[in-house]
S.K.: 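The structure that follows is given in the form of structure tokens.
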There are 2 protein chains.
Amino acid sequence: MAQTDTVTRILDTAEVLFAERGFAETSLRNITSKAKVNLAAVNYHFGSKKSLIQAVFARYLDPFTERFHAALDELEARYQGEVIPLEELLETMARCVLEVPAERNSLKVFMKLLGLAYSQAQGHLRRYIQEHYGSVFTRFAALVRQATPDLPDAERFWRLHFMLGTVIFTLSGLDALRDIAEQDYGEHVSVRELIRRLRPVVVAGMNAPLPQSTDDALPAAG
Amino acid sequence: MAQTDTVTRILDTAEVLFAERGFAETSLRNITSKAKVNLAAVNYHFGSKKSLIQAVFARYLDPFTERFHAALDELEARYQGEVIPLEELLETMARCVLEVPAERNSLKVFMKLLGLAYSQAQGHLRRYIQEHYGSVFTRFAALVRQATPDLPDAERFWRLHFMLGTVIFTLSGLDALRDIAEQDYGEHVSVRELIRRLRPVVVAGMNAPLPQSTDDALPAAG
DNA sequence: TAATGTTTAAAACAGATGTTTATAGCGACT
DNA sequence: AGTCGCTATAAACATCTGTTTTAAACATTA
């Protein structure tokens with residue numbers, strides 16, 4: 001079974017290098033040489049570098065969406081039409097996001113990749129993710145809407161993305177932050193502990209009072 | 001005054017292209033051709049592409065740190081040794097961050113660049129920024145510490161970065177989010193309004209209750 | 001005017017990039 | 001045995017990269 005071996009070895013190596021240096025900064029030769037695989041193997045098995053990148057994401061996101069849908073099914077069944085509390089929804093999402101990479105001990109890599117997907121993907125990746133995985137988020141957003149009936153739609157939309165930003169930004173830039181934290185406090189922070197710290201902040205952010213409708217004191221911006 | 005014109009034309013073009021596509025995806029030929037400047041001019045004036053990138057950041061960050069230090073001076077003088085309230089500190093920082101790009105109507109570009117600095121800078125840029133502008137953040141952090149005496153040091157450290165993540169992530173990925181928001185709500189969001197929305201969320205996050213010390217229900221993570 | 005230092009211009013450089021091709025190896029089935 | 005489909009290999013492809021070099025144009029100063 002040499003072919004499967006080659007494919008997974010390419011994926012395993014690619015995700016690590018992508019997470020470390022980014023997409024453009026990682027050449028196919030970097031990947032294939034480190035994976036001990038022929039250069040042409042990437043184009044043979046995946047077609048192009050773009051498709052490789054998408055495959056790297058799919059290997060995480062496909063199991064995630066499957067799990068997440070299942071978890072939401074279970075949640076809806078348990079609450080029998082009643083409104084699912086916000087904390088329960090957030091908790092469920094967090095659990096599903098963590099489970100998949102946890103099985104491969106690659107949470108750090110996965111988070112870095114998520115961060116890259118937002119910042120480095122001006123084109124194909126953003127489209128790919130939106131096309132393939134947008135529906136899960138839509139379903140989740142609808143449930144959050146029921147859980148926060150007092151929040152105006154637009155406000156909730158933005159707050160969800162604020163929270164997404166907090167989590168992805170933190171966990172994807174974790175290495176750099178951890179370095180600073182260690183040299184400041186001598187304390188080594190685990191991802192698990194970081195999530196414990198994130199939880200009350202995220203919940204408080206979602207439940208924050210509504211902004212005042214008028215605002216000055218800030219300069220105009222183009 | 002042809003030389004100044006060339007230099008600023010390079011910087012103006014470079015920052016836009018960097019913000020749009022990232023550093024590695026923007027070639028010097030892209031920059032110089034769009035700026036209607038000779039290719040060799042970049043290496044002549046800046047020495048290298050790396051230095052160009054740093055110069056692009058310096059053009060924002062130098063005025064920012066100057067302003068921010070001055071604003072903090074003024075704040076300390078006004079409060080005469082008394083503790084400066086947290087909201088005042090956050091407000092001041094926000095104002096300073098916004099003022100510089102506001103003068104050039106380039107807030108969007110600046111925020112994108114900040115996002116890139118976090119996610120794309122594995123090497124020289126992160127070092128450059130930390131070296132040149134780390135002291136302002138240290139000063140700010142010390143003031144925030146006085147403003148939040150009940151927060152453990154580590155907790156405050158992380159929450160500051162959580163909030164930084166929220167803001168940078170949101171404003172740097174603004175275009176993509178704005179597209180989604182518009183197609184969902186038909187509402188066009190200005191940066192100014194986004195900041196109005198961000199404020200209560202950030203404050204609530206900083207003031208969130210402390211996390212419980214033990215935690216289960218989440219899978220282990222490497 | 002002549003000389004000097006600075007900026008632009010065009011071409012060339014060596015190296016790296018993603019992708020393709022042509023060839024060989026291998027296992028399976030008729 | 002022989003053929004077919006799939007995979008691995010090595011070499012070559014054209015293109016793009018950042019950087020240098022050479023020469024010309026320019027402005028400034030003596």
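Naming convention: chains lettered A, B, ... in sequence-line order (proteins, then strands); numbering from 1 in each chain.
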S.K.: If you check the A40(B) side chain, which of dT9(D), dA10(C), dG18(C) turns out closest?
M.R.: dA10(C)
S.K.: What's the CG-P distance between L28(A) and dG15(C), to the nearest Å?
M.R.: 21 Å
S.K.: Is there a donor-acceptor contact under 3.5 Å linking the side chains of T26(A) and R21(A)?
M.R.: no
S.K.: Ignoring the backbone of T6(B), work out which of dA10(D), dT21(D), dT7(C) is nearest its side chain.
M.R.: dT7(C)
S.K.: Measure the distance from NZ on K36(B) to P on dT8(C) and round it to the nearest whole Å.
M.R.: 16 Å
S.K.: How long is the line joining CG of L39(B) and P of dT22(D), in whole Å?
M.R.: 17 Å
S.K.: Is the CZ atom of R145(A) crowded by more than 12 outside heavy atoms at less than 6.0 Å?
M.R.: no
S.K.: In whole Å, I'd like the distance from the OH atom of Y44(A) to the P atom of dC6(D).
M.R.: 7 Å
S.K.: Using a 4.0 Å heavy-atom cut-off across all strands, classify T32(A) as base, sugar-phosphate, or nothing.
M.R.: nothing
S.K.: Has R104(B) got its NZ or CZ under 6.0 Å from the middle of the six-membered ring of Y60(B), at an angle within 45 degrees of the ring axis?
M.R.: yes
S.K.: Rounded off to whole Å, could you give me the CZ-to-C1' distance for the F46(A) and dG18(C) pair?
M.R.: 15 Å
S.K.: Whole-Å distance between dA11(C) P and R29(B) CZ?
M.R.: 13 Å
S.K.: To the nearest Å, how far apart are N43(A) CG and dT20(C) P?
M.R.: 6 Å
S.K.: Identify which nucleotide among dG18(C), dG18(D), dT8(C) has an atom closest to any side-chain atom of N38(B), counting heavy atoms from C-beta outward.
M.R.: dT8(C)
S.K.: Side-chain N or O of S27(A) less than 4.0 angstrom from OP1 or OP2 on dA16(C)?
M.R.: no
S.K.: Assess, by modelled atom type and distance only, whether the side chains of T138(A) and S135(A) contain a donor and an acceptor separated by less than 3.5 Å.
M.R.: no
S.K.: Would you tell me if any nitrogen or oxygen in the side chain of H45(A) comes within less than 4.0 Å of OP1 or OP2 on dC6(D)?
M.R.: no
S.K.: Under a plain distance cut-off of 3.5 Å, with no hydrogens placed, do Y44(B) and N38(B) share a side-chain donor-acceptor pair?
M.R.: no
S.K.: Return the value, rounded to whole Å, for the distance between atom NZ of K49(A) and atom P of dT19(C).
M.R.: 8 Å
